[in-house]
Amino acid sequence: MGLTKQYLRYVASAVFGVIGSQKGNIVFVTLRGEKGRYVAVPACEHVFIWDLRKGEKILILQGLKQEVTCLCPSPDGLHLAVGYEDGSIRIFSLLSGEGNVTFNGHKAAITTLKYDQLGGRLASGSKDTDVIVWDVINESGLYRLKGHKDAITQALFLREKNLLVTSGKDTMVKWWDLDTQHCFKTMVGHRTEVWGLVLVSEEKRLITGASDSELRVWDIAYLQEIEDLEEPDPKKIKGSSPGVQDTLEAEDGTFEMDEAPEDRILSCRKAGSIMREGRDRVVNLAVEKTGRILACHGTDSVLELFCILSKEEIKKKMDKKMKKARKKAKLHSCKGEEEDPEVNVEMSLQDEIQRVTNIKTSAKIKSFDLIHSPQGELKAVFLLQNNLVELYSLNPSLPTPQPVRTSRITIGGHRSDVRTLSFSSDNIAVLSAAADSIKIWNRSTLQCIRTMTCEYALCSFFVPGDRQVVIGTKTGKLQLYDLASGNLLETIDAHDGALWSMSLSPDQRGFVTGGADKSVKFWDFELVKDENSTQKRLSVKQTRTLQLDEDVLCVSYSPNQKLLAVSLLDCTVKIFYVDTLKFFLSLYGHKLPVICMDISYDGALIATGSADRNVKIWGLDFGDCHKSLFAHDDSVMYLQFVPKSHLFFTAGKDHKIKQWDADKFEHIQTLEGHHQEIWCLAVSPSGDYVVSSSHDKSLRLWERTREPLILEEEREMEREAEYEESVAKEDQPAVPGETQGDSYFTGKKTIETVKAAERIMEAIELYREETAKMKEHTAICKAAGKEVPLPTNPILMAYGSISPSAYVLEIFKGIRSSELEESLLVLPFSYVPDILKLFNEFIQLGSDVELICRCLFFLLRIHFGQITSNQMLVPVIEKLRETTISKVSQVRDVIGFNLAGLDYLKRECEAKSEVMFFADATSHLEEKKRKRKKREKLILTLT
């Protein structure tokens with residue numbers, strides 16, 4: 001590599017220590033045909049699939065950079081839709097774990113995803129206030145619904161009607177007619193944000209949860225159905241007593257704004273409220289698939305369950321009430337037995353929606369999911385605030401159902417942020433310690449091999465020999481643990497304040513600690529006699545104390561053990577001689593305290609990282625500052641040299657890890673991945689691995705590759721990434737007839753769509769060149785009177801010597817379905833005439849009629865004015881009209897024929913095996929099995 005100094009690239013190797021992230025929601029997924037056993041949870045940018053029975057992670061759906069904010073499994077259970085922080089949506093196959101489909105349309109984080117009943121359409125709501133409906137099969141956007149004024153909180157498809165209902169933080173609930181893509185009703189009965197929304201009782205009821213302790217219940221009446229019943233006017237829907245209804249409306253302010261009263265599709269009336277026990281806002285409101293159990297929770301650790309009674313159960317209740325009322329009436333008087341009971345029996349909302357029980361979890365609930373097993377058991381899985389997944393089960397049909405915790409996933413992560421990390425001397429074990437526990441991880445398998453409870457840990461190291469570890473705590477204690485048994489060997493009160501830092505002495509016989517009690521203490525390892533056994537065990541004893549004027553934040557030995565660096569709260573670093581404890585140097589220059597520092601392997605340099613966001617590199621011989629580097633956009637939290645080199649890593653509160661060269665003062669590379677502040681990192685003794693911990697609860701492992709890193713290339717890549725980001729932020733292309741900022745189309749401009757448009761432009765240019773060459777070649781052949789060989793374009797040869805027009809078709813086929821419209825939107829009009837002529841050819845040949853028609857109609861829609869005013873294009877459009885109509889009708893006939901053939905085959909099969917086909921067959925089988933089991937039970941009891 002001649003003159004450039006060669007560095008090796010570090011890359012992200014794994015994410016571990018996180019069980020589930022807080023931003024997204026937990027969902028049950030079906031794998032290997034099993035329901036209720038596997039759950040999908042967001043884990044930073046990935047999605048983890050956990051097996052609840054074994055407590056193991058069995059699949060990782062790999063994300064890119066952005067955090068996951070929303071999950072939704074498809075109705076067939078084969079796919080999982082994942083929404084991200086940047087507004088993109090990816091659909092993963094649960095069989096292969098690959099994300100083949102990507103939708104880009106939102107500008108901000110996805111807040112809700114819902115499939116329709118068949119799983120053909122997906123509705124997504126976002127913080128950018130838009131709702132977009134996507135066609136999952138065609139992998140494209142259908143339409144964007146605008147109208148909400150704040151983030152969308154929920155969107156639901158109706159099963160029977162082609163309607164969508166959405167709720168938002170703007171206090172509105174909107175009903176959308178998807179045939180015409182417009183909002184036909186806005187419910188304004190809420191004073192505060194609407195956080196949740198469910199449809200129950202065969203979609204005749206809507207229940208909404210807001211920022212108070214009421215769940216509001218609305219009766220929905222579809223007006224077509226009312227007309228069918230030939231009622232004179234829809235009074236009966238409004239409730240039996242209009243007076244009560246009116247007062248209800250007046251109290252609650254539940255007036256409705258109908259966009260077009262004559263075009264009303266349904267009416268919504270408030271039926272009343274159910275009171276929750278929680279005082280705070282509804283965080284999640286959901287109903288399980290059968291629509292029988294309704295559940296909701298607030299910002300606490302209690303899930304409230306309600307049961308929605310069926311019509312038969314309500315009728316039984318009514319009959320019981322009637323009987324009671326009649327008995328009462330008989331007792332009171334003999335005359336009024338006819339009228340009185342009628343007056344007394346009134347079905348209240350509380351009778352129809354009954355409270356079942358509460359489930360109390362071990363920590364605050366972030367999200368939950370419900371599933372009803374065929375045995376009648378209800379399973380509820382929770383993602384908790386402290387990085388935990390819990391599963392509870394109960395039988396709601398019992399008079400007093402008792403929820404039982406059946407499993408929990410805890411081993412894979414800490415309950416709180418990891419504050420200290422260290423590597424064992426053989427690079428294999430990694431120690432992480434948080435506010436309540438220490439975990440030892442195997443670096444290669446990323447399995448947690450030991451968990452020990454501790455106090456709030458701040459610093460740690462492996463004792464030489466890797467059999468014990470020492471932890472320094474927030475209360476100033478030293479805790480010594482034995483790894484083989486996992487026991488706490490000894491606790492020593494070392495400092496009166498927090499024990500901020502420890503440094504192992506280079507001769508490995510002792511260590512030094514620094515604390516908030518303004519002292520530095522020196523300790524030696526020793527073997528003491530154990531009371532419980534004959535063997536000796538490890539202990540520590542204090543040898544010396546160095547008293548200072550300020551709190552000690554960080555301590556570090558020089559490799560020759562002659563000097564000790566101590567960072568103080570007065571923003572200076574003081575260097576002392578170890579043997580005499582005499583003062584040697586003071587390094588001052590930082591504006592805020594030095595939080596972290598490290599001395600290089602040869603003792604020549606000391607690097608200090610401070611809360612003022614700077615890193616300073618000093619010489620240890622004279623204490624001169626070699627260089628001050630502006631390192632991070634927030635406090636520098638941790639700094640460590642790579643062993644046997646002058647390269648060092650810094651970690652900042654700006655979510656980044658950076659590598660620097662202390663000789664050339666160069667920034668080498670940035671490791672991005674964490675989504676929150678980074679607290680600490682550890683470099684392995686070999687320098688091959690770096691592990692870091694963050695406020696996002698994740699631990700990340702970074703690995704050194706053999707790939708050389710050249711600084712100029714690295715800077716170039718950074719500039720490219722910046723450009724790509726700026727492309728996405730630029731103004732969207734203008735479409736005639738649209739007002740600025742109002743986007744009708746579902747896509748958005750991304751670097752991929754720009755690249756796709758460039759590919760189309762290149763293909764058209766190649767086609768133009770090749771057609772011109774062909775014309776020239778024909779003229780040359782004519783002039784020469786014989787066939788002259790034509791040189792083939794190398795690009796066309798790579799595609800198997802195809803014609804230039806076939807190459808254009810290949811390019812169109814190669815564009816992702818979800819990016820097609822957006823790519824055509826960016827395309828300059830000068831290419832459109834050629835494209836239209838080519839489309840005419842393609843359609844005549846009958847190749848990819850559907851794709852070509854989709855492109856054609858889109859181009860006609862956006863360039864309508866220019867195409868119609870261009871005389872040259874009139875004949876082309878005429879031809880296109882003829883060919884398109886005939887070819888599309890051909891395709892339609894083929895599809896119709898195939899459908900009829902399949903229908904015929906279905907009837908044949910049904911005739912042969914006299915069972916109902918497809919869906920009914922399975923239910924038949926279940927029924928038979930159940931009957932057989934009953935019969936066997938009867939026989940057993942009789943015998």
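Under 3.5 Å, the side chains of Ser437 and Lys439 contain no donor-acceptor pair of N or O atoms. Side-chain contact of Tyr689 with Arg443: a donor-acceptor pair under 3.5 Å is present, judged by distance alone. Ser460 and Thr420 share a side-chain donor-acceptor pair at under 3.5 Å. Side chains of Glu455 and Thr475: a donor on one and an acceptor on the other come within 3.5 Å. Gln676 and Ser694 share no donor-acceptor pair across their side chains, judged by distance under 3.5 Å alone. Looking only at atom types and distance, the side chain of Trp618 has no donor-acceptor partner in the side chain of Asp624 under 3.5 Å away. With no hydrogens or angles considered, no side-chain donor-acceptor pair links His655 and Asp696 at under 3.5 Å. With hydrogens and angles left out, the side-chain atoms of Asp466 and Ser425 include a donor and acceptor closer than 3.5 Å. No donor-acceptor contact under 3.5 angstrom links the side chains of Trp702 and Ser13, judged on distance only. Side chains of Tyr638 and Gln640: no donor on one and acceptor on the other come within 3.5 Å. Between the side chains of Gln508 and Ser505, no donor-acceptor pair of N or O atoms lies under 3.5 Å.
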Determine, stepwise, if the pair Leu629 / Trp660 fulfils side-chain contact (heavy atoms from CB on, under 4.5 Å). CA-CA 10 Å; Leu629 304 163; Trp660 307 82; 3.7 Å; yes
Would Phe648 and Val615 count as a side-chain contact (heavy atoms from CB on, under 4.5 Å) here? Give the steps. CA-CA 11 Å; Phe648 64 91; Val615 166; 3.8 Å; yes
Quick one: do Ile678 and Ile657 satisfy side-chain contact (heavy atoms from CB on, under 4.5 Å)? Show the steps, please. CA-CA 8 Å; Ile678 300 171; Ile657 298 169; 3.6 Å; yes
Is there a side-chain contact (heavy atoms from CB on, under 4.5 Å) between Val389 and Phe382 once you walk through the steps? CA-CA 6 Å; Val389 169; Phe382 298 91; over 6 Å; no
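Pairing each heavy atom of Leu553 with each of Ser501, the nearest pair is O-CB, 3.7 Å. Contact record, Asp549 with Lys518: O-CD, 3.6 Å, taken as the closest heavy-atom pair. Contact between Met597 and Val566 at its shortest, heavy atoms only, is CE-N, 3.8 Å.
In this structure, Glu714 does not pair ionically with Lys658, as no charged nitrogen and carboxylate oxygen lie closer than 4.0 Å. Salt-bridge formation is detected for the pair Lys23/Glu85: a Lys NZ or Arg NE/NH1/NH2 atom is positioned less than 4.0 Å from an Asp or Glu carboxylate oxygen. A salt bridge does not link Asp436 to Arg415: none of the charged side-chain nitrogens sits closer than 4.0 Å to a carboxylate oxygen. Classification of Glu718 and Arg715 as a salt-bridged pair holds, one side-chain N sitting under 4.0 Å from a carboxylate O. Of the charged side-chain nitrogens involved, none lies within less than 4.0 Å of a carboxylate oxygen, so that Asp300 and Lys364 do not count as a salt-bridged pair. Under 4.0 Å is where a charged nitrogen must lie from a carboxylate oxygen, and between Lys65 and Glu45 no such pair does.
Other residues, nucleotides and ligands place no more than 12 heavy atoms under 6.0 Å from the OH atom of Tyr588. More than 12 heavy atoms of other residues, nucleotides or ligands sit less than 6.0 Å from atom CD of Gln547. Other residues, nucleotides and ligands contribute at most 12 non-hydrogen atoms within 6.0 Å of the CG atom of Asp496. For CD1 of Ile411, the number of neighbouring non-hydrogen atoms (other residues, nucleotides, ligands) closer than 6.0 Å is 12 at most.
Every residue meeting the side chain to side chain contact (heavy atoms under 4.5 Å, CB included) condition with Glu713, not counting sequence neighbours, appears here in chain and number order: Ile710. Residues passing the salt bridge (charged side-chain N to carboxylate O under 4.0 Å, His left out) test with Arg544, sequence neighbours excluded: none. Residues satisfying the side chain to side chain contact (heavy atoms under 4.5 Å, CB included) criterion with Lys360, sequence neighbours excluded, are Ser301, Val302. Remark: His46 pairs with no residue by the ring-ring contact (aromatic ring centres under 6.0 Å, His included) rule, at least two apart or across chains. Taking the salt bridge (charged side-chain N to carboxylate O under 4.0 Å, His left out) definition, one finds that Glu703 meets it with nothing, sequence neighbours left out. In this structure Thr705 satisfies the side chain to side chain contact (heavy atoms under 4.5 Å, CB included) test together with Arg9, Val11, Glu707, sequence neighbours excluded. Applying the ring-ring contact (aromatic ring centres under 6.0 Å, His included) criterion to Tyr10, with sequence neighbours excluded, gives Phe649. Applying the salt bridge (charged side-chain N to carboxylate O under 4.0 Å, His left out) criterion to Arg408, with sequence neighbours excluded, gives Glu390. Checked against salt bridge (charged side-chain N to carboxylate O under 4.0 Å, His left out), Glu722 has no partners two or more places apart in sequence or in another chain. Applying the ring-ring contact (aromatic ring centres under 6.0 Å, His included) rule to Tyr456 yields no partners; only residues at least two apart in sequence or on another chain are considered. Legend: residues meeting ring-ring contact (aromatic ring centres under 6.0 Å, His included) with Tyr38, ordered by chain and number and at least two apart, are absent. Partners of Pro559 by side chain to side chain contact (heavy atoms under 4.5 Å, CB included), not counting sequence neighbours, listed by chain and number: Ile599.
Inter-residue side-chain proximity for Ile606 and Leu587 is flagged as met; some heavy-atom pair is nearer than 4.5 Å. Taking the side chain as every heavy atom from C-beta outward, Ser422 and Phe462 approach each other to under 4.5 Å. Within the 4.5 Å cutoff, the side chain of Pro464 has heavy atoms near those of the Leu504 side chain. The shortest side-chain heavy-atom distance between Leu478 and Thr513 falls under the 4.5 Å cut-off. Between Gln659 and Leu647, some side-chain heavy-atom pair lies under the 4.5 Å cut-off. When side chains are defined from C-beta on, Thr572 does not count as touching Val594, because their heavy atoms never get closer than 4.5 Å.
Under a 3.5 Å cut-off, the side chain of Asp661 and the backbone N or O of Glu666 do not form any donor-acceptor pair. A donor-acceptor pair under 3.5 Å links the side-chain atoms of Thr543 to the main chain of Phe522, judged by distance alone. With hydrogens and angles disregarded, no donor-acceptor distance shorter than 3.5 Å links the side chain of Lys574 to the backbone of Leu568. Checked by atom type and distance alone, the side chain of Ser424 pairs as donor or acceptor with a backbone atom of Ala429 at under 3.5 Å. For Asp612 (side chain) and Lys591 (main-chain N/O), a donor-acceptor pair under 3.5 Å exists by modelled atom type. Between the Asn387 side chain and the Ile19 main chain, a donor and an acceptor come within less than 3.5 Å of each other.
The aromatic rings of Phe583 and Phe576 sit perpendicular to each other, their planes meeting at more than 60°, with 30° as the lower class boundary.
Taking CG from Leu483 and CE from Met452, the interatomic distance works out to 5.0 Å, rounded to the nearest 0.5 Å.
Lys57 forms a cation-pi arrangement with Phe48, by the criterion of a distance under 6.0 Å to the ring centre and an angle within 45° of the ring axis.
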